[in-house]
Amino acid sequence: MSEVMRTEASLSDTTMLEVSNLKRYFDVSRPFLNRVLEGAPRQILKAVNGIDFKIKKGETFSLVGESGCGKSTVARLIVGLYAPTEGKIEFEGRNIGGLSRREMAPLRRRLQMIFQDPYASLNPRWRVRDIIAEPLRAFDLESDEVGIERRVGELLSFVKLTPADGEKFPHEFSGGQRQRISIARALASQPDFLVCDEPTSALDVSVQAQILNLMKDLQREFELTYLFISHNLAVVYHISDRVGVMYLGQLAEVAPATTLFRDPRHPYTRMLLDTIPDLDMTGRQRMPVAGEVPNPITPPSGCSFHPRCPFATDRCKSEAPLPRDLGSEVFVACHGVEENRIPRGPVIDAPPALR
Amino acid sequence: MALLEVHDLVVEFPTRRGVLTAVDEISLHIDEGEVLGVVGESGAGKSMTGNAIIGLLEPPGRIARGEILLDGRRIDNLPYDQMRTIRGKEIGAIFQDPLTSLNPLYTVGEQLVETIQTHTDMTPTQARARALELLIEVGIPAPERRVDQYPHQFSGGMRQRVVIALALCVNPRLIVADEPTTALDVSIQAQIIALLKRLCSEHGTAVMLVTHDMGVIAETADRVAVMYAGRIAEVGPVKQVVKRARHPYTHGLMGSIPVIGHDADRLTQIEGAMPRLTDIPTGCAFNPRCPQATDRCLRDRPEPMPTEDGQVACWLFEKEAAHV
Ligand SMILES: Nc1ncnc2c1ncn2[C@@H]1O[C@H](COP(=O)(O)OP(=O)(O)OP(=O)(O)O)[C@@H](O)[C@H]1O
Ligand SMILES: Nc1ncnc2c1ncn2[C@@H]1O[C@H](COP(=O)(O)OP(=O)(O)O)[C@@H](O)[C@H]1O
Ligand code: SF4
Ligand code: SF4
Ligand SMILES: [Mg+2]
Ligand SMILES: [Mg+2]
């Protein structure tokens, strides 16, 4: 069933968004005076350090990785909240990286974002109907108040709330309902592309399931394209067509979701998969996970994963691996994979569905 | 006899709008060397139960009724000083945020040495040696260097290891760990879980592991108690609860968790959300969300009924319970 849908989604070959050599650096140096007096060096944090990926129309592309690897920075670059330090962000073939507010305005309607904390992103003093009507007014999408009211009611029903809920304030809703409100607001301007940054990470699992189901329904109904960000690999498996695994501002591996989880190639992907608690309780043995993400201000030389990688060689310590196309939409940045010395085979005992 | 026994525990909060019952007649037990998982969605009353056991309920929260026994001895009504001694010697606590358990002004070594010396008669040299041993045991790299550093110089995962070392200082018989990995990255979470498992099998320590993450429970616990709206919905061996849940809530909960390799297009959905404490429905608190609710569920509250290997509080199991 979902196999069918996954292929259906990948049938569309139109690229909606393409990111190339995208970089975003932050200057985290001490103030100039301290640097002069204390001789402290200038410090640059390379939050996103040269990444490439494409998102096809109608698909869900996810970014996954541990805290601080740069997922949210990519999200903010794409919706124009940050300007790139270098590189291109092409939306339907047009470079939108670093456009001014005014230049970005016509695209804003089509590119919307949903955040992790639905409370922080909703104005507490506004009634829900005004929160949802705001994009309608900003983009002048309805001719009069009657139209706005009708449309707000419609949007509320899309996310399984009632028009009467429009009269309430955000604090009167639970976390899951607030996330529905932010989705309704994001849908108000009839976007084509939604950037969803950890939309369910603050929610309980039963509410997370409601939101994930809703997002899939809305995607089908409105032909939405999603960039989905999460640190939860099972959620990413469930929602995605293709997945990019990030580590310290770079992409370690990009692959179709089923391939990535069945046949992970990059040692970091394998390690991440080995951290997933085994709900099937098969008692399978896993590679013990070692070490932690290094300080991004002083990343390791060569392959930034080398201090934690059981397959690291001298080459890995000195030379940064570049992403290589392995065919079948799989891209991996790893010397070991290139040199064919990383063992293959599933880390996870594949359940029947994947065998 | 179980190491820890909780009988009909009720935890209340007097508020301006009346008294709220956060934990409503909960009974559970933990054997020596056993890991009991306590799982449930936020607000279910997990932390209040844990805090009541370690004697750290924040006022105005209070134990209104019930008994808590450690090794057959009541500990819920002890004066603060005696309870503090028990907390140091027999019960260790680990919280979600390691910084709540660490003092930013003292080095990690000073804090370990102090705790060790409060509860044993070791000399400072012996205590320091023991502190180093503990840091090695919880997997802190280069402990000789790390022991003289301050908590802020440690990463989140390393801090949680230090908190575990602190909890282990005096070989407690019970550790209450409240969401010990929730704030950590997945790779660190896996390491901390492995550490907790190893420590309790090596030392025979009993653990009450409170979390909202069923995956963590599946990896770690021997038995699991599922909480909903201040009550225990179901208790049983972890395999039974995870794979063959009885209670409709547990059932829904398990179905709503995405699992890698399970190719469901849609996740099972429990409609609605857990009620707030101010409007817990009469009868079974789960009835507005339960696909199998009957008239009786709206009226009468089901009490925990025995099953073959645990308990379940749901009218559907009345017949089964009668046969146990
Ligand atoms: N405005 C900023 N100024 C300085 N550093 C920043 C800024 N925004 C992000 N960073 C740093 O860039 C890195 C990537 O941050 P980002 O928020 O993109 O991570 P993330 O993958 O979304 O992490 P999480 O899973 O914790 O949300 C981090 O080291 C972060 O501290
Ligand atoms: N100080 C307080 N006053 C009133 N209610 C409280 C207070 N502290 C906690 N509660 C309530 O008690 C219930 C149980 O809380 P808690 O044990 O923290 O849940 P969990 O740990 O399962 O998420 C919640 O509904 C919470 O809102
Ligand atoms: S490049 Fe080397 S260190 Fe990096 S992941 Fe591959 S084998 Fe490991
Ligand atoms: S007692 Fe009734 S409402 Fe409650 S879980 Fe059982 S069937 Fe559902
Ligand atoms: Mg983020
Ligand atoms: Mg809690």
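Note on naming: letters A, B, ... go to the chains in the order of the sequence lines (proteins, then strands), and numbering restarts at 1 for each one.
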Original post:
Which answer fits B:Ile257, side chain, backbone, both or neither, if we ask what part of it has an atom under 4.5 Å from a heavy atom of chain A?
Top reply: side chain
Original post:
Quick one: of B:Gly139, B:Ser42, B:Gly43, who has the most non-hydrogen atom pairs under 4.5 Å with chain A?
Top reply: B:Ser42
Original post:
For the candidates A:His231, A:Glu292, A:Lys160, A:Glu66, which exhibits the highest count of non-hydrogen atom pairs separated by less than 4.5 Å from chain B?
Top reply: A:Glu66
Original post:
Considering all heavy atoms of both residues, which atom of A:Leu279 and which atom of B:Ala218 are nearest to each other, and what is their separation?
Top reply: CD2-CB, 3.9 Å
**OP:** Specify the closest pair of heavy atoms between B:His262 and A:Tyr237, including all atoms of both residues, with the distance to one decimal.
**Re:** O-CE2, 3.9 Å
Subject >> Which atoms of A:Gln177 approach chain B - backbone, side chain, both or neither, heavy atom under 4.5 Å >> reply: neither
Original post:
Can you name the nearest heavy-atom pair linking B:Arg289 to A:Gln210, along with the distance?
Top reply: NH2-NE2, 4.3 Å
Original post:
Which pair of heavy atoms, one from B:Pro258 and one from A:Val235, lies closest together, and at what distance?
Top reply: CG-CG2, 3.8 Å
Original post:
Which bit of B:Thr220 comes within less than 4.5 Å of chain A, counting heavy atoms only: side chain, backbone, both or neither?
Top reply: neither
Original post:
Around atom CD of A:Glu223, are there more than 12 heavy atoms of other residues, nucleotides or ligands at under 6.0 Å?
Top reply: no
**OP:** Please assess A:His238 against B:Leu267 for the test side-chain contact (heavy atoms from CB on, under 4.5 Å), listing each intermediate value before the final yes or no.
**Re:** CA-CA 9 Å; A:His238 177 77; B:Leu267 298 164; 3.6 Å; yes
Original post:
How many angstroms lie between atom CG of A:Asn213 and atom OG1 of B:Thr268, to the nearest 0.5 angstrom?
Top reply: 8.5 Å
Subject >> Gap between atom OG1 of A:Thr258 and atom CG of B:Asp263 - 0.5 Å precision >> reply: 7.5 Å
Original post:
If you take all heavy atoms of B:Gln191 and A:Gly291, which pair is closest and at what distance?
Top reply: NE2-O, 2.9 Å
Original post:
By a 4.5 Å heavy-atom criterion (distance strictly below it), what part of B:Met254 contacts chain A: side chain, backbone, both, or neither?
Top reply: side chain
Subject >> When A:Ser206, A:Gly175, A:Ser174, A:Gly68 are compared by non-hydrogen pairs under 4.5 Å with chain B, the top option >> reply: A:Ser206
Subject >> Residue part contacting chain B, namely of A:Leu203, when any heavy atom lies under 4.5 Å >> reply: neither
**OP:** Determine yes or no for a side-chain-to-main-chain donor-acceptor pair under 3.5 angstrom, with A:Lys216 supplying the side chain and B:Arg266 the backbone.
**Re:** no
**OP:** Find the one option among B:Ser155, B:Gly157, B:Gly156 whose heavy-atom pairs under 4.5 Å with chain A are most numerous.
**Re:** B:Ser155
Subject >> Region of B:Gln189 in contact with chain A, defined by heavy-atom distances below 4.5 Å >> reply: side chain
**OP:** Answer yes or no: are there more than 12 heavy-atom neighbours, outside B:Gln153 itself, under 6.0 Å from its atom CD?
**Re:** yes
Subject >> Among B:Ala273, B:Gly272, B:Ala194, B:Gly255, residue most engaged with chain A (heavy-atom pairs, under 4.5 Å) >> reply: B:Gly272
